[in-house]
Amino acid sequence: MNDTVKYVLDEGRIPKAWYNIAADLPTPPAPVLHPGTKQPVGPADLEPLFPMSLILQEVSTEREIEIPGPVRDIYRQWRPSPLFRARRLEKALQTPAKIYYKYEGVSPAGSHKPNTAVAQAFYNKEAGIRKITTETGAGQWGSALAFAGALFGIEIKVYMVRVSYDQKPYRRALMETYGAKCIASPSSETNSGRAILEKNKNHPGSLGIAISEAVEVAATHDDTKYALGSVLNHVLMHQTIVGQEAMAQLEMAGDYPDIIVGCTGGGSNFAGIAFPFIGAQLRGGRKLRVIAIEPAACPSLTRGKFAYDFGDTAHLTPLVKMHTLGSTFTPPGFHAGGLRYHGMAPLVSHALDLGLIEAKAYKQVECFSAGVQFARAEGIVPAPEANHAVKGAIDEALRCKTEGKSKVILFNLCGHGHFDMQAYIDYFGGKLTDQSYAESELAMALAGLPSVPAPA
Ligand SMILES: *Cc1c(COP(=O)(O)O)cnc(C)c1O
């Protein structure tokens, strides 16, 4: 019994509903504010950007929201995703802990992102939308939405952060294979992009700038909406299919997690695996430790302020209360592109504030080292983002060894690294370094946080 063990549910056990943690939280998260009036927004304020069905999910407090039939039909192509017991990794670590991982790399785009991309494309199609704009960093979200757009016949336009556009041609090619249009951001197509290019025509771009461009285009075209791949409540909710499946699979294995680990960029894969378990705990179920792992070079949960901030650089988005490094903060160019965002999902931020989760920051070299150890034991090469979760799980397993305790650890292996092999080449060539930001830059970005009136 020294091999990896796989737990797979039958198709019939794909969850019928997404789980909404808003129904179980002891206090609601802070309201979303209008960027101009700084008063709470109503559903109508968000209509230029999103179809009403998704806006209603965003503000819903219903515990369960039914997954539409056509979405479940598409999910069936790769869901339920497998849950593995990492017996060979346990052996390599000589830990008494049991390590389980949920593998989301089996989706067509290679990560958890299609779980929400397919849902968002479905609701946009239902609302008669013909085009969707979005942003992408490393290209995972862009390729997931491009895939979903192809299935529903929606035109997808992706503003891709300039550095990634130049450095990661394969993700771009994948988006184009699915039929999407990919544009380097900052671009000369939008006011937000032109304003940046006027100051610096070689600007490397950032997620905040790419969001501004995509939002601007959606807000100014009637047949076009915008889609976000993380951060928002409805996105986190779509990802809860991961945790719900894991719960049923662990039941097959006769286990329940003591510790859950996930990496956090905007917070969606982490929330996806953790929220169903946190919800069970809030309803009187077993207590567990839930650990969010973020990059030390972009540490919103461990170094950011819990405050109202904009989601983008041009300040077109509503204000949300979240752990943020400031919307003008530009993280250094480390390889886990999906984790280079200045803010954190309001629901994940609120959960940290309530003490329901913990947060830790790791440097990139130690994460790659953990990822390589994982690949050599389990055979799957994790995405650079997922390496953060791997490192977090390994550290907990080693702690179990020191303390002589056998705990059950569950982590989300949110994507494979097949498009990120250059990062591994750099790691093996000793070219990967632990970059850090200037403290002065962080202080300046935090000083620039918008002021909002005290709640009425
Ligand atoms: C996008 C992405 C992330 C970061 O986004 P979250 O919303 O925090 O999950 C992490 N891992 C992978 C593989 C991604 O594609």
Side-chain angles (χ1 to χ4, degrees), residues 81 101-117 120 134-147 158 160-161 164 168 171 174-175 207 210-211 227-243 260-275 290-295 298-301 311 322-323 331 334-349 351-352 357 359 361-362 364 367 371 380-392 411-420 423:
S81 70
Y101 59 98
K102 183 77 166 152
Y103 185 41
E104 289 296 308
V106 293
S107 80
S111 76
H112 63 289
K113 297 253 171 45
N115 296 332
T116 185
Q120 293 191 50
T134 196
E135 71 292 329
T136 200
Q140 284 141 325
W141 167 241
S143 46
L145 192 66
F147 154 66
V158 183
M160 185 172 189
V161 176
S164 305
K168 306 199 166 170
R171 277 277 169 198
L174 182 59
M175 290 182 245
L207 270 178
I211 294 175
L228 192 59
S230 184
V231 178
L232 299 176
N233 302 349
H234 67 267
V235 178
L236 272 54
M237 190 184 71
H238 297 156
Q239 294 297 349
T240 59
I241 189 157
V242 176
I260 297 181
V261 180
C263 68
T264 46
S268 74
N269 88 82
F270 168 78
I273 197 157
F275 279 7
V290 181
I291 311 170
I293 311 286
E294 62 181 8
C298 192
S300 54
L301 285 171
M322 60 181 174
H323 284 86
F334 55 89
H335 275 291
L339 307 182
R340 291 181 70 232
Y341 185 60
H342 68 273
M344 182 53 58
L347 279 174
V348 172
S349 296
L352 181 68
I357 64 168
Y362 284 125
Q364 83 168 345
C367 292
I380 297 171
V381 180
E385 294 83 3
N387 281 342
H388 291 72
V390 172
K391 167 72 178 156
F411 77 92
N412 198 357
L413 189 64
C414 51
H416 67 63
H418 299 175
F419 287 93
D420 304 285

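Atoms within each ligand, like the ligands themselves, are counted from 1 in listed order.
- Using a 4.5 Å heavy-atom threshold, the side chains of Q120 and V235 count as touching.
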Under 3.5 Å donor-acceptor pairs involving side-chain atoms of residues 411-419, not counting sequence neighbours:
from: N412; atom 1: ND2; to: N269; atom 2: O; distance (Å): 3.0
from: N412; atom 1: ND2; to: N269; atom 2: OD1; distance (Å): 3.3
from: H416; atom 1: ND1; to: H418; atom 2: N; distance (Å): 3.1

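- Among protein heavy atoms, atom 4 (C) of ligand 1 sits closest to G338 O, 3.2 Å.
- For the residues P384, S268, A138, the heavy atom positioned nearest atom 6 (P) of ligand 1 is part of S268.
- A donor-acceptor pair under 3.5 Å links the side-chain atoms of S349 to the main chain of H323, judged by distance alone.
- Interface atoms of ligand 1 facing S230, defined by a heavy-atom separation under 4.0 Å, are 6 (P), 7 (O).
- Checked against side chain to side chain contact (heavy atoms under 4.5 Å, CB included), S300 has the following partners two or more places apart in sequence or in another chain: E294, L325, M344.
- Looking at G415 next to ligand 1, no N or O pair under 3.5 Å apart turns up.
- When E385, H388, H416, K113 are ranked by how near their heavy atoms come to atom 15 (O) of ligand 1, first place goes to K113.
- Any N or O atom pair closer than 3.5 Å counts here, and T264 shares no such pair with ligand 1.
- Here the side chain of T264 pairs a donor or acceptor atom with the backbone of I293 at under 3.5 angstrom.
- Taking only nitrogen or oxygen atoms, main chain and side chain alike, G266 reaches within less than 3.5 Å of ligand 1.
- Those atoms of ligand 1 that come under 4.0 Å of a heavy atom in G265, given as number and element, are 8 (O).
- Not a single heavy atom of E104 sits under 4.0 Å from any atom of ligand 1.
- Looking only at side-chain heavy atoms (C-beta outward), P295 and Q364 stay at 4.5 Å or farther from each other.
- Under a 3.5 Å cut-off, the side chain of Y341 and the backbone N or O of C298 do not form any donor-acceptor pair.
- No side-chain donor-acceptor contact under 3.5 Å links K113 to the backbone of L145.
- The shortest N or O to N or O distance between G267 and ligand 1 is under 3.5 Å.
- Using a 4.0 Å cut-off between heavy atoms, N269 contacts ligand 1 through both its backbone and its side chain.
- Given atom 13 (C) of ligand 1, the protein heavy atom at minimum distance is Q140 NE2, 3.5 Å.
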